[in-house]
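In the text below, chain A, chain B and the rest are named by the order of the sequence lines, each starting its count at 1.
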Protein chains: 2
Amino acid sequence: MSTDRLSMTLQALADPTRRAILARLATGEATVNELAEPFDMSLPAVSRHLKVLERAGLVEQGRTAQFRPRKFRPEPLRDLAGWLENYRRFWDESFDRLDAYLKELQKGEKHGSDPKDR
Amino acid sequence: MSTDRLSMTLQALADPTRRAILARLATGEATVNELAEPFDMSLPAVSRHLKVLERAGLVEQGRTAQFRPRKFRPEPLRDLAGWLENYRRFWDESFDRLDAYLKELQKGEKHGSDPKDR
DNA sequence: GAGTTAATTAACATACCGGTTAAATAAATC
DNA sequence: GATTTATTTAACCGGTATGTTAATTAACTC
């Protein structure tokens with residue numbers, strides 16, 4: 001397997017079980033047992049899927065007592081989205097205007113969004 | 001390997017050689033020999049990479065004399081981008097405003113963009 | 001400290017991936 | 001029709017992925 005960041009991310013996501021785990025984690029932290037519950041699969045198998053997601057930087061391991069709660073890390077997805085942008089013009093008809101809008105955002109708001117907006 | 005569309009797409013993209021091939025094809029059609037040229041790899045190896053990309057629907061095979069020119073198909077990337085959108089809010093600070101803008105686009109322009117714009 | 005709960009590691013099996021070289025197929029050219 | 005050019009298929013190989021069950025580690029609980 002290729003070991004560059006993007007390849008690892010794509011590889012990690014190329015499995016429905018792992019995408020399901022990620023979707024679950026996007027709703028909040030969870031333990032391995034909780035994550036394994038929906039799947040017809042042994043615990044070690046899930047544990048290994050998690051290791052793949054961790055290697056890709058999509059999941060982070062915490063530690064509380066005998067629990068190792070997992071947490072979702074979106075950064076690799078941001079990078080993947082960035083790579084995908086190179087191809088958006090091939091399918092997105094309104095890409096030109098979207099692109100213009102994004103450039104506008106970037107120009108006028110280098111400081112980021114107002115915290116009270118969230 | 002998982003055989004659902006999204007998994008196949010991600011699997012296909014999870015290899016730097018295949019991403020390079022795709023990048024090349026995004027600039028226009030090319031034969032297998034042309035595609036293989038930049039790589040330190042046998043022709044059959046490239047041929048098989050192409051088959052993976054084709055299975056994912058990212059590449060289409062043409063036929064002219066003894067040549068089988070390959071063509072880029074962006075649709076699976078559009079779908080992947082769609083999937084990624086579910087997670088954008090996790091990393092994009094300006095997602096709220098972008099989302100608003102996209103909704104605006106969708107509302108006001110159901111007919112698509114003006115052809116003369118392209 | 002014995003037992004329970006949470007999770008990983010070890011050992012193993014099967015299948016797939018990505019590369020190789022050699023042979024086969026397909027169409028053009030001499 | 002023999003040769004050249006383009007490409008795929010076949011046969012093979014080593015490494016890795018994904019699953020299993022059994023054993024181990026780690027921390028809490030009684």
Side-chain angles (χ1 to χ4, degrees), chain A residues 1-22 24-25 28-72 76, chain B residues 1-25 28-72:
Chain A
M1 207 244 301
S2 305
T3 54
D4 63 282
R5 204 77 162 116
L6 186 53
S7 295
M8 300 246 292
T9 301
L10 289 159
Q11 180 63 48
L13 296 175
D15 181 291
T17 301
R18 287 193 290 262
R19 289 199 302 279
I21 288 175
L22 214 61
R24 165 64 186 81
L25 283 176
E29 294 194 12
T31 67
V32 178
N33 268 292
E34 287 166 351
L35 291 170
E37 197 274 319
F39 302 106
D40 184 22
M41 189 182 297
S42 69
L43 215 54
V46 173
S47 193
R48 288 165 71 130
H49 277 303
L50 284 168
K51 191 162 285 184
V52 174
L53 290 166
E54 276 155 31
R55 213 155 43 98
L58 285 160
V59 163
E60 196 184 53
Q61 197 190 72
R63 187 87 189 234
T64 311
Q66 72 269 54
F67 305 91
R68 276 91 151 184
R70 297 315 206 279
K71 198 179 166 181
F72 173 49
Chain B
M1 208 241 302
S2 305
T3 54
D4 63 283
R5 202 77 160 115
L6 185 53
S7 294
M8 300 246 292
T9 301
L10 289 160
Q11 182 62 49
L13 296 174
D15 181 291
T17 301
R18 287 194 290 263
R19 288 198 303 276
I21 289 176
L22 213 61
R24 164 67 187 79
L25 283 175
E29 293 194 12
T31 66
V32 178
N33 267 294
E34 288 166 350
L35 290 171
E37 197 274 322
F39 302 106
D40 184 24
M41 191 182 294
S42 70
L43 217 54
V46 173
S47 192
R48 287 164 69 132
H49 277 304
L50 284 169
K51 188 162 286 184
V52 174
L53 289 166
E54 276 155 31
R55 215 156 42 98
L58 286 160
V59 162
E60 196 185 52
Q61 196 188 72
R63 187 85 189 237
T64 311
Q66 74 268 54
F67 305 91
R68 276 93 149 183
R70 297 315 206 281
K71 197 180 168 181
F72 173 50

What's the CG-C1' distance between B:Leu43 and C:dG19, to the nearest Å? 13 Å

Counting only pairs under 3.5 Å, give me each side-chain donor-acceptor contact of residues 47-57 of chain A, with atom names and distances, residues two or more places apart or in other chains.
residue	atom	partner	partner atom	Å
A:His49	ND1	A:Arg18	NH1	3.1
A:Glu54	OE2	A:Arg70	NE	2.5
A:Glu54	OE2	A:Arg70	NH2	3.2

Does A:Gln61 reach a base, just sugar-phosphate, or nothing at all? Heavy atoms under 4.0 Å. sugar-phosphate

On a heavy-atom basis, which atom in A:Ser2 and which in A:Met8 lie closest, and how many Å separate them? O-CG, 3.9 Å

B:His49 side chain N/O closer than 4.0 Å to the phosphate oxygens (OP1, OP2) of C:dG19? yes

With distance as the sole test, does B:Thr9 use its side chain to make a donor-acceptor pair with the main-chain N or O of B:Arg5 at under 3.5 Å? yes

Which comes earlier along DNA chain C counting from the 5' end, the contact point of B:Asp40 or that of A:Thr31, where each point is its nearest nucleotide? A:Thr31

Which nucleotide of DNA chain D is the first, and which the last, in the 5' to 3' direction, to come under 4.0 Å of a heavy atom belonging to chain B? D:dT5 to D:dA11

Between B:Leu50 and A:Ala45, name the one whose nearest nucleotide on DNA chain D is closer to the 5' end. B:Leu50

Short side-chain to backbone donor-acceptor contact, A:Thr64 and A:Phe67, under 3.5 Å: no

In whole angstroms, the gap separating P of C:dC17 from CE of A:Met8 amounts to 19 Å

From CZ of B:Phe67 over to C1' of C:dT29, roughly how many Å is that when rounded to an integer? 12 Å

Rounded to the nearest 0.5 Å, how far does OG of A:Ser7 lie from CZ of B:Arg19? 3.5 Å

In Å and rounded to the nearest 0.5 Å, what is the CD to CG distance from A:Glu60 to A:Leu25? 11.5 Å

Just the rounded figure in Å: distance from C1' of C:dC17 to CZ of B:Arg55. 11 Å

Between A:Met1 (CE) and C:dA15 (C1'), how many Å, whole number? 17 Å

